[in-house]
Number of protein chains: 2
Amino acid sequence: MSDRPADDTGLRARKKRARADAIVDAAQRLVLAHGFDAVTVEAIADAAGISPRTFFNYFESKDDAVLGQASFDLDAGFRGEFVAGGPTGRLTADLEVLAAALLGAVAGSGPHAPARVLELMQAEPRLLACHFAWFERHKNQIEDLFAERHSRQPLPTDPATCTMVVFVLVRAALDDWDAGGRRGDVTEHLPAVLAKIAAVVNA
Amino acid sequence: MSDRPADDTGLRARKKRARADAIVDAAQRLVLAHGFDAVTVEAIADAAGISPRTFFNYFESKDDAVLGQASFDLDAGFRGEFVAGGPTGRLTADLEVLAAALLGAVAGSGPHAPARVLELMQAEPRLLACHFAWFERHKNQIEDLFAERHSRQPLPTDPATCTMVVFVLVRAALDDWDAGGRRGDVTEHLPAVLAKIAAVVNA
DNA sequence: TGCAACTTTGCATCAAGTGCAATATTGAGT
DNA sequence: ACTCAATATTGCACTTGATGCAAAGTTGCA
C-alpha cells in the first residue's frame, strides 16, 4: 500500500535488506579476523546464510561487499538547498556539509562503522582502491550539484575542482580522525582539515 | 661491471626491460582497441611474445600491466634538495615540482603516454581505482620527504596534508589538461590548478 | 667450456565471477 | 484460502585471473 509506513514494507523487501546487511556484516567480520585473501566468497555466503550465487545478486564483487558500499544519492531537499547557495551561504562551510553527507555514505551507520571501514582499508590496500573508485562513480553527481549552483551564483572556480576538493576533504578528515585517536565523529575534523589544506596552498 | 654505463647493462637486464615494455604496450593497445574485459592475460602475453605465466612474473595483475605502473623512486639529488627547502625555496612552487615528478612516473614516457593512460582510465573505472592505489602505495615515501623538510624548517601544516595536496595536484592537473584539449605538457597545468584549489578553500 | 644463478614455461590448482535455467518464495487478486 | 504472476534463490558449468611447483632454458662469470 502506498500509504504504508517506510518500515512496514513487504516481506520480500525486508528480507532483501536484511540479507544485504548480513552479507556486509559477515564479510567485514571475517576479513578483520582472517585477512581479505584468506576469506572466500563461499565463506562469506555461508556465514550470511545464502548461496555463493546469491552473493553476486547483491554485490558485484567481494570488495564491494566488504566495504558495504551503497549507492549514494543526495536528499532532494539538500540538493535544492545547496544549488540555491545553501545550506550556510558560505562556500567553504557548504563544502564541509557536503563532505559530511559523503562521509555518512562512505562510512555507513552504526557507532563503529567508520572505524571498521577505516581499519579494513588500512589492512587491505585494494579496498582503498575500491573506495576511490566509489568516489569516482559519484563524481558526476557532485559535479552536477556544483554546476547548477555555479549557474546561479558563480563559484570561485570550475565545478570539477570544487568536486575534487570535497573528495579530498572526505579523505583527509578520515585520516585526521584516525591520527587523532578516533575520538568523536569524523565530520568534526572537516573544519580543521580545510584549514590545513588552505595553509598549504597559500604558503 | 660497476663502471659500465647505465645503458650498457647485461643482456639479461636489457631483455627484462624490453619484455616489460612489450607487455605494457601490448596491454594498452589491446585494451584501447577492445575494452578491458574483452582482453585476456593470455591475449596480452601472446602479443608480447611470452607465456601467461611469465606475464605474472612481470606484473602482479592485468590492471598493473595495462597502466604500466612502475615503481617510483625519487632521485637522491632531488630528495636532498627538497628536504633542504628547495628546489625553489617556496613551498607551493616546490609542491608543483614534486607533483611534476609524480606525473612523470604516473604518465610514463613518450609523447603520447599521458593521453594514453588518461584514455585508459576514462574508459575503465577500475583502472582509475588502480591509479589511486598506486598513489597510496607511494604515499609514505612522499610523506617522509615532507617530514624531513618539516624537521628543518616547519611546514604550514602536517606532512600528511602536504602529501594529500600533492596527490590532488597530480589528479587535478591531468583533468585540467584533458579539459583544455590535451595540448602541451600536463605539468604546465599545475600552477593554474593550484590557484583554483586555493580559490575554493579560501572562498 | 662448464657451472651457478636466474628466468621462462607448463601444468595443476584455487577462487572470483557469470550465464542459464530449474526451483522456491512472495505479492496480489479473487 | 487458492491461484497465478512476478521475483528471487540456487545449482551447475564455465571462463578468467592469479599462484605454487618444478622442469627446462638462458645468461653471467670464472
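What you see is a predicted model, and the numbers here were worked out from it, not measured in a lab. The sequence lines fix the lettering, A, B, ..., with proteins before strands; numbering per chain opens at 1.
- If you check every strand for non-hydrogen atoms under 4.0 Å, A/Thr40 touches sugar and phosphate atoms only.
- Counting distance only, with no hydrogens placed and no angle test, the side-chain atoms of B/Arg12 and the base atoms of D/dT26 include a donor-acceptor pair under 3.5 Å.
- Between B/Leu11 atom CG and D/dC29 atom C1' the separation is 14 Å, expressed in whole Å.
- In this model, a side-chain donor or acceptor of B/Arg53 finds a partner on the base of D/dG20 within 3.5 Å.
- Look at B/Lys62 and you won't find any side-chain N or O under 4.0 angstrom from OP1 or OP2 of D/dA18.
- Here the P atom of nucleotide C/dT7 and the CZ atom of B/Arg17 are 15 Å apart, to the nearest Å.
- Distance alone, capped at 3.5 Å, is enough to place a donor-acceptor pair between the B/Arg149 side chain and the B/Gly86 backbone.
- If you find the closest nucleotide of DNA chain D to B/Lys15 and to B/Glu60, the one lying nearer the 5' end belongs to B/Glu60.
- Ion pairing of A/Asp175 with B/Lys139 is present here, as a side-chain N (NZ or NE/NH1/NH2) and a carboxylate O approach within less than 4.0 Å.
- Summarising the geometry, the separation between CZ on A/Phe56 and C1' on C/dG19 is reported as 13 Å, rounded to the nearest angstrom.
- Rounded to whole angstrom, the span from the CG atom of B/Asp46 across to the C1' atom of C/dT9 amounts to 14 Å.
- For B/Asp94 (side chain) and B/Thr88 (main-chain N/O), a donor-acceptor pair under 3.5 Å exists by modelled atom type.
- In this structure, B/Tyr58 reaches the sugar-phosphate backbone alone: every heavy-atom distance under 4.0 Å involves primed, P, OP1 or OP2 atoms, never a base.
- Geometric assessment of B/Lys62 against the ring of B/Phe56 yields a negative cation-pi assignment under the 6.0 Å and 45° thresholds.
- If you take CZ of A/Arg14 and P of C/dT25, they are 17 Å apart, rounded to a whole angstrom.
- In summary, A/Arg116 and A/Asp25 engage in a salt bridge, as defined by a charged side-chain N under 4.0 Å from a carboxylate O.
- A/Phe36 has its CZ atom 20 Å from the P atom of C/dC14, to the nearest Å.
- An OP1 or OP2 oxygen of C/dT9 is reached within less than 4.0 angstrom by a side-chain nitrogen or oxygen of B/Ser51.
- Distance NZ (A/Lys16) to C1' (C/dT25): 13 Å, rounded to an integer number of Å.
- In this structure, B/Ile23 atom CD1 and D/dA18 atom P are separated by 13 Å, rounded to whole Å.
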